[in-house]
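Below: the structure, in structure tokens.
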Amino acid sequence: EYALNLNSASGSRFAAFVGLTAFTGIRGCDAVNLKFQNIDWDRQLLMFTQLKTQIPVVLPIPNKALNLLGKYIINYRKKLLIHRIMIIFL
């Protein structure tokens, strides 16, 4: 029994990570390196430079991915002085 618990920090982070990579097509290495300034919440855009190719990218973020990401940030992400959105090892 390995159901994903979306009402836990790890489950919410995993859902946000998978949702972001699945709905936008970005690489996992880019998703874990995203910073808050890479997301334009009002215009629903993701703006970053790809780690592998060093090519700047601007992508739309579907509502579902934004909702998963927002739920993780608001409810579970620790308030730390770390600029990356996805805190993997805490």
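Throughout, numbering of the chain's residues begins at 1 and tracks the sequence.
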> Phe17 versus Val32: any side-chain heavy-atom pair under 4.5 Å?
Replying inline: yes
Here the pair of heavy atoms bringing Asp30 nearest to Leu51 is OD1-N, 2.8 Å
Check: Are Leu20 and Phe36 joined in one hydrophobic group, where the rule is that I, L, V, M, F, W and Y side chains link up if heavy atoms are under 4.5 Å apart?
Finding: yes
inquiry  = With a 4.5 Å cut-off on side-chain heavy atoms, are Phe23 and Leu66 touching?
reply    = no
| task | Please confirm whether the backbone N or O of Asn7 pairs with a side-chain atom of Tyr76, one donor and one acceptor, at under 3.5 Å? | result | yes
So does Ala9 get a backbone contact from the side chain of Ser12, meaning a donor-acceptor N/O pair under 3.5 Å? no
Distance col, row Ile39:CD1 vs Gln44:CD, nearest 0.5 angstrom, shows 11.5 Å
- Task: Would you check if Asn33 and Phe48 make a side-chain contact, meaning some heavy-atom pair closer than 4.5 Å?
- Result: no
Closest non-hydrogen contact found for Gly19 with Ala65 is O-CB, 4.0 Å
Transitive ILVMFWY side-chain link Leu59 to Leu34, under 4.5 Å: yes
Notebook entry, point to check: Same cluster or not: are Ile26 and Leu45 linked, directly or through other Ile, Leu, Val, Met, Phe, Trp or Tyr residues, by side-chain heavy atoms under 4.5 angstrom apart?
Noted result: no
dist Ile61:CD1 -> Leu69:CG (nearest 0.5 Å) comes out at 7.0 Å
On a heavy-atom basis, the closest approach of Pro62 and Pro60 is CD-O, 3.7 Å
**OP:** Please examine the side chains of Asn38 and Lys35, heavy atoms only from C-beta on, and report whether any two atoms are closer than 4.5 Å.
**Re:** yes
